[in-house]
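See structure below.
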Protein chains: 2
Amino acid sequence: MTTQVGARRISRALRPTGKVLPEHARAHNRSLVLGHLFHSGPSSRADIARSTGLTRVTVSDLVGDLIDEGLVADLGVRSAGKVGKPATLVGMRTEDFVVVAVDLTDDARMLGAVMTLTGDVVARREVPLDGRRGDEAADLLTDLCRDLLAAAPAPVLGIGIASPGVVDADGVVVEAPNRGWYGLPLAARLAQTLGVPVHVANDANTRALGEFTYGGAQDAAMVLTVGQGVGAGLLVDGALVRGRRWAAGEIGHVTVVDDSSSEEPLPCACGRRGCLETVLSAPALRRRVAGLDREAADAALASVGRLLGVTLAPVASALNLAEVLLSGPPELLDGPLREAALATVRERTMPVIGQELDIRMATLDEDASLTGAAVLVLSGQLGVT
Amino acid sequence: MTTQVGARRISRALRPTGKVLPEHARAHNRSLVLGHLFHSGPSSRADIARSTGLTRVTVSDLVGDLIDEGLVADLGVRSAGKVGKPATLVGMRTEDFVVVAVDLTDDARMLGAVMTLTGDVVARREVPLDGRRGDEAADLLTDLCRDLLAAAPAPVLGIGIASPGVVDADGVVVEAPNRGWYGLPLAARLAQTLGVPVHVANDANTRALGEFTYGGAQDAAMVLTVGQGVGAGLLVDGALVRGRRWAAGEIGHVTVVDDSSSEEPLPCACGRRGCLETVLSAPALRRRVAGLDREAADAALASVGRLLGVTLAPVASALNLAEVLLSGPPELLDGPLREAALATVRERTMPVIGQELDIRMATLDEDASLTGAAVLVLSGQLGVT
DNA sequence: TTAGTAAGGAAGGTCTACTAACAAACGTGA
DNA sequence: TCACGTTTGTTAGTAGACCTTCCTTACTAA
């Protein structure tokens, strides 16, 4: 009797799965070492071995490579007096390399900076857009990057760009209406022109990355950015969610006010009515509280908080989020709005979801997008997140 | 001048990152080969090499291992007449191994089955719970598994269990109120007792896995299960989302009807009012349409669809989902309800989100949970998804 | 026949991380 | 003070994993 083997085909959505070569494993372990040095500061090889689970021999080998490449430096003997042979410390040369970061969030100007690997800004540029769009805007960006590269006091690891709109994993701006960019291969074009690695991502996603790496965000978090519009970046298991068409986080145009609501749905720039942006964007919030006394303003902000809470409740439940970070004007967000949003989410979800969730302000300042853009480079070039 | 290196510490939520050894890479590539054979059916070694990107030499080596282990069989020469030496086919021995799958979704009985690797049921068992809870229920489950193991006509790869409640990644049932299980290490206990690998996951999540592997679900999808209650499983980049406290997908108790709604919020078993379960569970839907004529029933189902659409819109926007699959009674779900839900999501989201999203019925039948439990084993033991 | 093509295997090389063993440098306690 | 244990980092050897190169086999096409 012959056995029928695999006679039945099983359909499934095809997924690109990649082979893993020894060198990939090596690269991963190298990133582990770098990541430890980045997050924990100077350490001995033995410390790194304990932290990563690799043997001291392997760590020594990897560290040797990193020293040869110049990314890591030998710092001499640790002074601390413990038993045994004193450790020699090695540390990442965070001050001897820089990253160029650009923030394109603002419709009126481009912000650029040269930053060290610790996130300190060493040079800053600001260029008015003056209404430029499409290729003209892209050319202006190229010039800005060239300028920043020239201003860099140390070797540049790469360029990170926080762009509005939908950006795919290869750094192609799929659509950014405010810049007139559609299908623009921004990363590839800039890398070609400038000869430096370039990473591009959506500005809200970038902010989420920044909060995760520098701001202590949990690995199941949403970072909600409130500015001219409203955007979000989602972290699931510490990785950014990109979504079917790289549009994950585009939460600004979800309807939150409709005809059955107690308030009137306002027209939105997208052509529909009652979008989250019509109540939660910074201009919308300012309009809402304009001319009101403190008490009335607080009530107005709380009402927006409740709308936000209603919108967040299904997302928090579906993903079992640990926290939602609000990034934007604290005088508008960090008060009745935040508190009402949190209370509303907790009212509208089961305890295991609501009690685990916190809504707090993001920790990074106005440079959050720049910082996130820098993290894009750290992550893309060094594997450090 | 000395360079200050890594002097500044950067806080971050700690994340367990693991080293990668060559053997892990090997295991990954082995799963790649098995996955190709599982999804594409019998192939030549050269086919596998082209599909995986590995060289023919490496594939031959891996296939040799798999044949030695008995998971793969040599099928002889392919008859097809092309130029060159004819290929010898190899295939996964999907009929020569079985999986034990158990579905604990139902409050009244436990369902068990022995299934081949292609998902065909070769034996079936059903055990009434008769109100048993806690350890008694766990003992009954152990007996059921033993019975199924005895009924297996071929070597058993492992046991997969779809449990209600919150289940962590190690197969510990954190809380399943209906079974009286709290912090029960179900997978470990059964594996110990029965001497077979055991994998446990939440039933809705399990269903999502099943739909992904056997049902052709996209890799950015939500599978919404409508039965006694409402649950969901979320796939992001083809991986199951577990969430902060392994409670991802617990969407049944999100408030969808409140005092400002046009209809009255109904009390829910969770103690609150207006939860999604109070309108969307199978009993709730049946109550809603009971005694109504066709037209009125359709309108009633559509109204629930709109409530579902309002709830899904923020989730679909945040994650940019490709599809939402409805798993449950088609006579209730697949009609006005589904259509109203889809229309509502599209009304309430921006085009890039709404137009990309489809809401359709799940393709697996009433054995969806069992099938998903089997996939748990395939995934856990063979790395095949 | 002869040439060309494709499959599969054998040999040998490189890369990776491991174990085992050791020297160096320190604290501890008799 | 000095032997001893501890910790660090290195050297040497080993096993695993995949690669490239070359060969044989077996078929089609002209």
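Chain letters run A, B, ... following the sequence lines, proteins first, then strands; residues in each count from 1.
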* Candidates dG8(C), dA25(C), dG9(D) - which lies nearest the side chain of Ser44(B) -> dG8(C)
* Asked: Would you say the side-chain atoms of Arg207(B) and Thr371(B) include a donor-acceptor pair closer than 3.5 Å?
  -> no
* Find the distance Arg45(B):CZ to dT25(D):P and express it as a whole number of Å. => 17 Å
Distances for protein N/O vs nucleotides 18-22 of chain D N/O pairs under 3.5 angstrom?
residue	atom	partner	partner atom	Å
dC18(D)	OP1	Asn29(B)	ND2	2.6
dC18(D)	OP2	Arg26(B)	NH1	2.5
dC19(D)	OP2	Thr55(B)	N	3.4
dC19(D)	OP2	Thr55(B)	OG1	2.8
dC19(D)	OP2	Thr58(B)	OG1	2.4

* Spell out, as yes or no, whether a donor-acceptor pair under 3.5 Å connects the side chain of Lys19(B) to the backbone of Gly53(A). => yes
* To do: Quickly work out the Ile48(B) CD1 to dA7(C) C1' distance and round it to whole Å.
  => 13 Å
* Is the number of heavy atoms from other residues, nucleotides or ligands within 6.0 Å of CD (Gln192(A)) greater than 12? -> no
* Asked: Is a salt bridge present between Asp61(B) and Arg26(B), judged by a nitrogen-to-oxygen distance below 4.0 Å?
  -> yes
* For Thr88(A) and dG9(D), is the shortest distance between a side-chain N/O and OP1 or OP2 below 4.0 Å? -> yes
* Asked: Hey, which of these two, Asp47(A) or His24(B), hits DNA chain D nearer its 5' end, going by closest nucleotide?
  -> Asp47(A)
* Rounded distance in Å - CG (Leu89(A)) to P (dT8(D)) -> 11 Å
* Return no unless some side-chain N or O of Ser60(B) is found under 4.0 Å from OP1 or OP2 of dG8(C). => no
* Structure fact -> From NZ of Lys85(A) across to C1' of dT7(D) the rounded distance in Å is 9 Å
* Do Ser43(B) and His36(B) have side-chain N/O donor and acceptor atoms under 3.5 Å apart? -> yes
* Asked: Thinking salt bridges, do Glu23(A) and Arg30(A) make one under a 4.0 Å N-O criterion?
  -> no
* To do: Please tell me which of Val77(A) and Asp65(A) maps to the more 5' nucleotide of DNA chain C, matching each residue to the nucleotide holding its nearest heavy atom.
  => Asp65(A)
